[in-house]
Amino acid sequence: MATQTGLDALRTRTIVDCDTMDEEVARTLGPFQDCTSNQAIAYGELSKPEHKALIISSVGEARNLLSRFPGLSLEELAVEIAMVKLALRIAPHISGHVHIQTNPYYSYSVEKTTVNALRIIQLFQYLQPGFEQSRICIKIPSTWEGMVACRTLEQAGVRTLATTLFTLTQAVLAAEVGCTYIAPYVNQLKVHFEPGFTDPNKLLPLCVAIQKYYKSINAKTQVLPASLTSTDEIFAMAGVDHITIAPNLLQQLSQPGSAPQIQSLFDSEASVALPLSSVSFVNDESAYRLAFTRDLHGASEEKLTQAVNIFCDMQDKLVQLMKSVV
């Protein structure tokens, strides 16, 4: 009998998603339910020489469609088309949602985020008519404006994920606006970009607290931790609703005999301080902003700002990639 892998063990407790835009990963290391991505993942994938033709065709299609989207640059539209094309290649290899993240430059605009999300839905239909909208999930940074946009989108039947989430305050609002998922970042984003940096305050316990809170209020929103850096962190999350894992960690988890005795934080009896079920922010922007600013004396807000900055840098690199073939 084949030795159980870490992925096998994890899948008995949690739905496993892949955090990549590499079709090969989805095809060979699955089965996965969802496939998540962001501007950094898209840039890493589109920088590969084998995608040169995809970039050229995306710019060509952007040229044809640009008149439909006033105020949008050719390169920005080409970036979105390229991300959708990569997602469509992965879709046949997974059973659930493909996730595309909105332009991080819109993180503080309700209107621009909403319009961007609806445009991404249109691009799926344009590139593959008949592709089920129910399989598309739009990732939106967890700013106040981003989550107000999520409320509008969810009411219009568009599934959303509140990403770059670092606090219970954000999680409370995400459930109130009806997000399909949230992605708490276990490690702040810069661990993946700053060699030698380790997050001194990993948010593994926060994921447990949020899931317990969501169960207590019967929220439909599911917890999908992201930004994990080790298999130990992943096994500590066994029992969470969903988990999204990067290719290098998927490779480690797929080795025979990589399944330890799982020690999950979801199995511990440690009591978790939950917000009161009556706490509400959805109609009180100032109370939300203050609670978020006060979290960890401003450190959580700093993590969100840092993540938006990194994603904007990656958006710039994607735009440059498109400019290189214009």
Side-chain angles (χ1 to χ4, degrees), residues 19-23 34-48 51-91 97-141 143 145-146 149-150 152-153 156 158-164 307-308 310-326:
D19 200 19
T20 184
M21 291 197 118
D22 185 340
E23 179 187 4
D34 287 14
C35 180
T36 56
S37 71
N38 56 45
Q39 276 67 19
I41 289 170
Y43 178 69
E45 187 61 29
L46 288 167
S47 300
K48 296 176 183 174
H51 291 312
K52 188 71 184 272
L54 185 147
I55 291 171
I56 292 167
S57 68
S58 298
V59 170
E61 272 150 349
R63 213 171 252 121
N64 295 337
L65 291 175
L66 197 59
S67 61
R68 295 191 197 181
F69 305 110
L72 202 59
S73 76
L74 174 70
E75 291 81 10
E76 187 186 340
L77 184 55
V79 166
E80 290 172 10
I81 290 170
M83 291 197 297
V84 170
K85 282 179 177 238
L86 289 175
L88 285 168
R89 289 183 179 186
I90 286 170
H97 300 102
V98 286
H99 294 242
I100 301 273
Q101 188 162 298
T102 51
N103 187 331
Y105 275 98
Y106 301 157
S107 297
Y108 299 100
S109 168
V110 178
E111 185 189 357
K112 286 181 179 176
T113 296
T114 307
V115 169
N116 189 183
L118 295 173
R119 181 169 63 244
I120 290 166
I121 300 284
Q122 282 180 273
L123 292 175
F124 271 97
Q125 283 306 314
Y126 171 78
L127 292 164
Q128 190 173 313
F131 186 78
E132 306 97 308
Q133 185 183 312
S134 61
R135 292 196 64 197
I136 305 165
C137 184
I138 306 294
K139 288 179 71 174
I140 295 173
T143 58
E145 293 83 359
C150 287
T152 302
L153 291 162
V158 175
R159 286 166 172 75
T160 63
L161 175 150
T163 190
T164 60
V308 170
I310 291 170
F311 283 137
C312 284
D313 290 344
M314 291 296 154
Q315 175 73 20
D316 291 346
K317 289 186 171 187
L318 284 164
V319 164
Q320 286 307 320
L321 213 50
M322 299 302 149
K323 276 191 172 148
S324 70
V325 303
V326 169

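- The closest side-chain heavy-atom distance from Ser58 to Leu54 is below 4.5 Å.
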- Show your reasoning for whether side-chain contact (heavy atoms from CB on, under 4.5 Å) applies to His51 and Leu86. CA-CA 10 Å; His51 291 312; Leu86 289 175; 3.9 Å; yes
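- Between the CG atom in Leu65 and the OH atom in Tyr126 there is a gap of 4.5 Å [rounded to 0.5 Å].
- The minimum heavy-atom distance between Pro141 and Thr164, with the atom names listed, is CA-OG1, 3.6 Å.
- Gln101 has its side chain out of reach of Ile138: every pair of non-hydrogen atoms, C-beta onward, lies at least 4.5 Å apart.
- Within the model, atoms CG of Leu127 and CD of Gln125 stand 10.0 Å from one another, a figure rounded to the nearest 0.5 Å.
- Screening residues 102-123 for ring-ring contact (aromatic ring centres under 6.0 Å, His included) gives no qualifying pairs among residues at least two apart or on separate chains.
- Annotation for His97 and Cys137: closest pair CB-CB, 4.0 Å, computed over non-hydrogen atoms.
- A salt bridge links Arg119 with Glu76; the closest basic N to acidic carboxylate O contact falls under 4.0 Å.
- Atom NZ of Lys52 has 12 or fewer neighbouring heavy atoms from other residues, nucleotides or ligands inside a 6.0 Å radius.
- When side chains are defined from C-beta on, Leu46 counts as touching Met322, because their heavy atoms get closer than 4.5 Å.
- The side chain to side chain contact (heavy atoms under 4.5 Å, CB included) test applied to Ala91 returns Val98, Phe131, Arg135, not counting sequence neighbours.
- Atoms CD and CG, from Glu75 and Leu66 in turn, are 9.0 Å apart once rounded to the nearest 0.5 Å.
- Atom CD1 of Ile120 sits about 11.5 Å away from atom CD1 of Ile81, to the nearest 0.5 Å.
- Ser109 and Thr113 get closest at one heavy-atom pair: O-OG1, 2.9 Å.
- Across Gln315, Gln320, Met314, a single residue satisfies side-chain contact (heavy atoms from CB on, under 4.5 Å) together with Tyr43, and that is Met314.
- Looking at every heavy atom in both residues, Ile100 comes nearest to Ala87 through CD1-CB, 3.9 Å.
- Counting heavy atoms of neighbouring residues, nucleotides and ligands inside a 6.0 Å radius, atom CD of Glu111 does not exceed 12 of them.
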- Step by step, would you call Asn103 with Glu80 a side chain to side chain donor-acceptor pair (under 3.5 Å)? CA-CA 9 Å; Asn103 187 331; Glu80 290 172 10; 5.2 Å; no
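- Residues Met83 and Ser37 have side chains not in contact (no heavy-atom distance under 4.5 Å, counting atoms from C-beta outward).
- For the pair Gln39 and Pro104, the minimum side-chain heavy-atom distance is below 4.5 Å.
- For the atom pair CZ (Arg89) and CD (Gln128), the distance works out to 12.0 Å, reported to the nearest 0.5 Å.
- Nearest heavy-atom pair, Thr20 versus Ile90, reported as atom, atom and distance to 0.1 Å: O-CD1, 3.9 Å.
- Considering CD1 of Ile136 and CZ of Arg159, their distance stands at 10.0 Å, rounded to 0.5 Å.
- The nearest pair of heavy atoms linking Ser67 to Asn64 is OG-O, 4.5 Å.
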- Message: Between Glu61 and Lys85, is the salt bridge (charged side-chain N to carboxylate O under 4.0 Å, His left out) condition met? List the steps.
- Response: CA-CA 11 Å; Glu61 272 150 349; Lys85 282 179 177 238; 2.9 Å; yes
- Please assess Lys139 against Thr102 for the test side-chain contact (heavy atoms from CB on, under 4.5 Å), listing each intermediate value before the final yes or no. CA-CA 6 Å; Lys139 288 179 71 174; Thr102 51; over 6 Å; no
- Task: May I have the step-by-step check of side-chain contact (heavy atoms from CB on, under 4.5 Å) for Ile140 and Thr163, ending in yes or no?
- Result: CA-CA 6 Å; Ile140 295 173; Thr163 190; 5.8 Å; no
- Task: Dump the intermediate steps for side-chain contact (heavy atoms from CB on, under 4.5 Å) on Asp19 and Ile41, then the final yes or no.
- Result: CA-CA 8 Å; Asp19 200 19; Ile41 289 170; 3.2 Å; yes
